[in-house]
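Okay, so here's the structure we're looking at.
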Amino acid sequence: YENRKTLDADGRKHNVRVVLMGSRPPADAFKARGANGISLLLAENEHQLFPIGGSWCEHRDGPAPHEDATLERTARRVTREFCGMDLTEVPLIKFLEIHLNRPH
């Protein structure tokens with residue numbers, strides 16, 4: 001596996017997390033659970049749920065991780081790699097951005 005650049009020019013790492021949300025169509029066969037039948041697609045590992053995600057890669061996603069379009073490409077790529085879903089035609093909604101500065 002080739003080592004790809006995952007740090008920006010300032011030495012920062014950019015990650016994305018993807019939570020896919022949908023609602024079940026009304027049907028007598030289903031009983032809605034949760035908030036009005038809303039479903040979330042999350043990953044599971046040893047009884048822990050977590051969002052699908054991964055790191056920005058300059059070579060694969062583009063050179064500008066501070067731009068929303070670049071991180072959308074990252075989100076689509078990591079989702080395709082993780083579970084095989086193609087989100088090319090799915091509108092993505094950014095609902096949270098966190099900046100975390102950790103000492104080196």
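As the structure is a computational prediction, the values presented were derived from the model and not from experiment.
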Could you tell me whether a side-chain N or O of Asp8 sits under 3.5 Å from a main-chain N or O of Asp10, the two making a donor and an acceptor? yes
- Message: Determine whether a donor-acceptor pair (N or O, by modelled atom type, separation under 3.5 Å) exists between the side chain of Thr70 and the backbone of His66.
- Response: no
Can you confirm whether the side chains of His14 and Asp61 place a donor and an acceptor under 3.5 Å from each other?
no
Closest non-hydrogen contact found for Arg17 with Gly54 is NH1-N, 3.3 Å
Closest heavy-atom pair, Trp56 versus Gly62, reported as atoms and distance to 0.1 Å, is NE1-O, 2.9 Å
In this structure, CD of Glu44 is separated from CD of Glu46 (nearest 0.5 Å) by 10.0 Å
* In terms of heavy-atom contacts, does CD of Gln48 have more than 12 from other residues, nucleotides or ligands at under 6.0 Å? -> no
Next item on the list: State plainly whether one hydrophobic cluster holds both Leu49 and Met21, where clusters connect Ile, Leu, Val, Met, Phe, Trp and Tyr through side-chain heavy atoms under 4.5 angstrom apart.
Entry: yes
Start with the C-alpha distance between Arg77 and Glu72, add both sets of side-chain angles, then the distance that settles salt bridge (charged side-chain N to carboxylate O under 4.0 Å, His left out), and finish with yes or no. CA-CA 9 Å; Arg77 176 182 57 81; Glu72 285 181 9; over 6 Å; no
Can you check side-chain contact (heavy atoms from CB on, under 4.5 Å) on Val18 and Leu20, steps first, answer last? CA-CA 6 Å; Val18 179; Leu20 300 173; 3.7 Å; yes
| message | Whether Arg76 and Glu89 form a salt bridge (side-chain N of Lys/Arg under 4.0 Å from carboxylate O of Asp/Glu) is what I want to check. | response | no
Which of Leu41, Val16, Ile52 passes side-chain contact (heavy atoms from CB on, under 4.5 Å) with Thr79? It is Ile52
Across all chains, not counting sequence neighbours, the side chain to side chain donor-acceptor pair (under 3.5 Å) partners of Asn15 are Ser55
His47 meets the ring-ring contact (aromatic ring centres under 6.0 Å, His included) criterion, sequence neighbours left out, with none
Run Phe50 and Leu42 through side-chain contact (heavy atoms from CB on, under 4.5 Å) and show every step you take. CA-CA 6 Å; Phe50 56 93; Leu42 299 167; over 6 Å; no
Applying side-chain contact (heavy atoms from CB on, under 4.5 Å) to Asp68 and Lys94, what does each step give before you reach the verdict? CA-CA 8 Å; Asp68 289 344; Lys94 178 173 144 182; 2.8 Å; yes
